[in-house]
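A short worksheet on the structure shown next.
Everything numeric here is computed off the predicted structure, so don't read it as measured data. Residue numbering restarts at 1 for every chain, and letters A, B, ... go by the order of the sequence lines.
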Protein chains: 2
Amino acid sequence: MRMTGKERRQQLLDVARALFAEKGYDSASVEEIAHRAGVSKPVVYEHFGGKEGIYAVVVDREMSAMLAGVTQALAEDDAHPRVLLERAACALLDYIDGSTDGFRILVRDSPVATASGTFSSLLNDIATQVEHILGIQFAKRGYDSKLAALYSQSLVGMVALTAQWWLDARKPKKAEVAAHLVNLAWNGLSHLEDKPALRKRR
Amino acid sequence: MRMTGKERRQQLLDVARALFAEKGYDSASVEEIAHRAGVSKPVVYEHFGGKEGIYAVVVDREMSAMLAGVTQALAEDDAHPRVLLERAACALLDYIDGSTDGFRILVRDSPVATASGTFSSLLNDIATQVEHILGIQFAKRGYDSKLAALYSQSLVGMVALTAQWWLDARKPKKAEVAAHLVNLAWNGLSHLEDKPALRKRR
DNA sequence: GTCAGTCCCTACGCTTACGTAAGTTACGGC
DNA sequence: GCCGTAACTTACGTAAGCGTAGGGACTGAC
């Protein structure tokens, strides 16, 4: 039952992540975190200082993991935009598939509830990156680059909500979902392909 | 200070809607609702039975208002799909513009947190309607109609997140946002129009 | 005026859950 | 075999907030 500090800390983080995903920040209690870890409350306080503390660490780790994946996918500046889009969609779905609880937490409200009235900061972070990529392409083609913000929000929203739906449905396979997302974003409803396929694997 | 029952009830609903929008269900307290209305707690309990009661009424009203708008926009079965899309996007933006607090509430988590682990039921209701429309069109064109669910989620997510972004940004005018949304959904990134315009007014 | 009904208040009980204080048990070096 | 340190415990103080009991005040009819 007795663990070393590092082990216990990691275990608490795992337990807390699962509980926050299940109940949300407010409804999860540190007592239950402790209980599920087979330990009493003060242990949690010893390691993380409090409820906000452990939540912050959990969120920070998930943010990093997710952004790392997506950022890397968007990294190659010279790649074709459509390939970038494909890579980003795949990266997001991979993350969700691999860390479902983490994604659920990131999509829920923060404790301070979306600081300053603005929307969930994570999706904004991602949208900002997409906006950058898109802005370059827009400028290259002579579109109004101020509209890049609008279109990036649309794209991120499209992928994010579909991802959440897929989280419960799990019906089409991951790769197929990605292909259809790209299909819609790239071709639009008026040019939908019958059986879309990804251009580039991973 | 003293009001008739109906007046007080309406005032409480207005105050509660604003507060729920600002703080979310958990962080809003009955006491603060009462205080903002210049009244004490038992009045709220007299009218609505409890916190869940008043929240339920607020949400129900907003759901009805929003769905009514969107449903009506999607009603004309014989209209061209693109026109339907335009009408739906406009209806949603109109609702958000006219009842910002209500929309903010609907997008947040429910008290029981999206019962049964599934995603926010409101957006799902809308997506279901879109799915129906889309299914018909898919069948007509020989696409796999099982994919209508996926594409409707994508479309709703696209519009919903963009709407939330616009809620804070307010940068392009409402009609312009709708035009660009339709532009992306309909034409796709590869066929973007430079200066999209809506086909049909209101 | 007085009486009924409506509107509203103060004051309280009770639960939940955060955070803390002080004491207890296992582990490793000497 | 002793002792400090690190891991952990029980037990409590405190605060917030839901819901309720019982009583006060205003209004209008007769």
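For the pair B:E7 CD and C:dC7 P, the computed distance is 10 Å after rounding to whole Å. Rounded to whole Å, atom P of C:dC18 lies 17 Å from atom CD of A:E46. Rounded to whole Å, the distance from OH on B:Y45 to C1' on C:dC14 is 12 Å. Note: NE2 (B:H47) to P (C:dT6) measures 12 Å, nearest angstrom. Atom NZ of B:K23 and atom P of D:dA16 are 12 Å apart (whole Å). Residue B:Q11 contributes atom CD, which lies 14 Å from atom P of C:dC7 at whole-angstrom precision. The distance from atom NE2 of B:H35 to atom P of C:dC8 is 16 Å, rounded to the nearest whole Å. Separating the CD1 atom of A:I33 from the P atom of C:dA17 is a distance of 12 Å, rounded to the nearest angstrom.
Distance from the side chain of B:M3 is smallest to C:dC8 among C:dC8, D:dT10, D:dC18. Nearest nucleotide to the side chain of A:R2, out of C:dC9, D:dG19, C:dT25: C:dT25. Counting only heavy atoms from C-beta on, A:S40 has its side chain closest to D:dC8 among D:dC8, D:dG19, C:dC18. Of the candidates C:dC18, C:dT10, D:dC18, the closest approach to any side-chain atom of B:K51 belongs to D:dC18.
For an aromatic pair to be called close, the ring centres must be under 6.0 Å apart, and B:H80 with B:W186 satisfies this. A centroid separation of 6.0 Å or more is found between the aromatic rings of A:Y55 and A:F48.
Between B:P42 and B:K6, the residue anchored nearer the 5' end of DNA chain C, judged by the nucleotide with its closest heavy atom, is B:K6. Judged by closest nucleotide on DNA chain C, B:G5 is the one of A:G50 and B:G5 placed further toward the 5' end.
Applying the 3.5 Å distance criterion, the base of D:dG19 shares a donor-acceptor pair with the side chain of B:K41. Side chain A:R8 to base D:dA6: no donor-acceptor pair is found below 3.5 Å.
Among the heavy atoms of the strands lying under 4.0 Å from A:A28 are primed sugar atoms or P, OP1, OP2 only; no base atom is included. Within 4.0 Å of B:G38, counting heavy atoms only, lie sugar-phosphate atoms of the nucleic acid but no base atom.
When the shell of 6.0 Å around CD of A:E31 is examined, it contains 12 or fewer heavy atoms from other residues, nucleotides or ligands. More than 12 heavy atoms of other residues, nucleotides or ligands shown are found within 6.0 angstrom of CD on B:Q137.
Using a distance-only test at 3.5 Å, with no hydrogens or angles considered, a donor-acceptor pair links the side chain of A:K51 to the main chain of A:A28.
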